[in-house]
Amino acid sequence: NAGVMQNPRHLVRRRGQEARLRCSPMKGHSHVYWYRQLPEEGLKFMVYLQKENIIDESGMPKERFSAEFPKEGPSILRIQQVVRGDSAAYFCASSNPGQGGEQYFGPGTRLTVT
Amino acid sequence: GIQVEQSPPDLILQEGANSTLRCNFSDSVNNLQWFHQNPWGQLINLFYIPSGTKQNGRLSATTVATERYSLLYISSSQTTDSGVYFCAVLYSSNTGKLIFGQGTTLQVKP
């Protein structure tokens, strides 16, 4: 069984550029979550999506960040005009409520802003 | 909001030793998960354990929901057990938001 897939695994962007992070959930999972891990910190929830719907975006910064999970294709976390403080590991997780909501995590994308 | 506290923050063990990691949470939860973040940064699911006791090889976990804590036991530790152990709780199934503790950093020495 393929797990949660994320790409790219490493991404380097200069200040002001855009970063696009992709996540394909586990087969059969319809719920996707994004988390951010700043250096030497725990993981912080960002957003919870179902197909074509944002369920909870209470952890998303108000500006420059957006997320989508279209009917077809992977979920995308988009960061516009990146700043050095955006440097972090971004993890995607997926779940299927039928399995009790257990979340399975991808390998993460490590974003470095220079 | 709900608080999740893990202890100890750091732990150094000799290979073969046993250890207990603790996770306290400040409110009732719908779900509790334990993860191991290995030195390469990958998050490995260990247990999904909103209540009761589970065992998987040398690892076991117990959650006492009424007293708002969970314990992770590691027996006969190995160097490959090194990394950070996170406890995470789901406060409301409507939001899907896992709240993570700050983690316990474990170093197992050969």
Side-chain angles (χ1 to χ4, degrees), chain A residues 1 3-6 9-10 23 25-26 29-51 53-60 67 69 75 87-112, chain B residues 1-10 21 23-25 28-52 54 56 61 63 65 70 83-107:
Chain A
N1 288 330
V4 179
M5 311 275 285
Q6 290 189 249
R9 296 290 305 276
H10 301 273
C23 169
M26 282 180 71
H29 285 187
S30 58
H31 295 210
V32 164
Y33 315 83
W34 286 93
Y35 294 83
R36 178 165 67 174
Q37 186 176 31
L38 294 169
E40 307 301 325
E41 293 190 14
L43 282 82
K44 304 287 188 198
F45 169 84
M46 299 181 75
V47 62
Y48 164 32
L49 309 107
Q50 298 176 19
K51 289 280 189 182
N53 279 308
I54 297 174
I55 307 302
D56 180 359
E57 57 182 344
S58 58
M60 288 280 270
F69 188 17
S75 175
S87 295
Y90 292 83
F91 289 92
C92 169
S94 72
S95 76
N96 185 331
Q99 295 172 4
E102 182 174 5
Q103 296 184 21
Y104 295 84
F105 281 74
T109 293
R110 276 142 192 88
L111 172 66
T112 302
Chain B
I2 191 169
Q3 303 296 316
V4 181
E5 295 183 355
Q6 292 186 242
S7 59
D10 300 282
L21 282 58
C23 172
N24 291 333
F25 42 96
S28 300
V29 297
N30 288 290
N31 172 10
L32 187 144
Q33 293 185 241
W34 282 98
F35 298 92
H36 174 213
Q37 187 167 38
N38 65 23
W40 294 271
Q42 294 181 316
L43 276 168
I44 311 298
N45 284 45
L46 296 178
F47 294 102
Y48 166 63
I49 186 166
S51 64
K54 290 186 177 179
N56 185 1
T63 297
S70 183
V84 183
Y85 289 80
F86 288 106
C87 156
V89 302
L90 184 71
Y91 180 55
S92 167
S93 57
N94 293 329
T95 73
K97 179 191 301 185
L98 278 178
I99 309 295
F100 280 77
Q102 286 300 102
T104 292
T105 301
L106 173 64
Q107 183 182 0

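Both backbone and side-chain heavy atoms feed into the values below; hydrogens, waters and symmetry mates do not. In what follows, every chain begins at residue 1, and chains take the letters A, B, ... in the order their sequences are listed. Everything numeric in this text was worked out from a predicted model, so none of it was measured.
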| request: Go through B:Pro50, B:Gly103, B:Gly41 and name the one with the most non-hydrogen pairs under 4.5 angstrom from chain A. | output: B:Gly41
| Which heavy-atom pair separates A:Ser58 from B:Lys97 by the least distance, and what is that distance? | OG-NZ, 3.0 Å
| remark: Closest non-hydrogen atoms of A:Arg110 and B:Gln42, given as atom of the first, atom of the second and distance, are NH2-N, 4.4 Å
| said: Counting only heavy atoms not in A:Met5 (residues, nucleotides, ligands), do more than 12 fall under 6.0 Å from its CE? | reply: no
| query | Which atoms form the tightest heavy-atom contact between A:Gln103 and B:Asn45, and what is the distance? | reply | O-ND2, 2.9 Å
| message | With heavy-atom distances below 4.5 Å as the criterion, would you say the side chains of B:Gln37 and A:Phe91 are in contact? | response | yes
| Given A:Phe45, A:Phe105, A:Tyr48, the one that forms side chain to side chain contact (heavy atoms under 4.5 Å, CB included) with B:Leu98 | A:Phe105
| message | Does atom CD (B:Glu5) have a neighbourhood of more than 12 heavy atoms from anything else shown, all under 6.0 Å? | response | no
| said: Is there a side-chain contact between B:Leu43 and A:Tyr35 in this structure, where contact means two heavy atoms from C-beta onward sitting under 4.5 Å apart? | reply: no
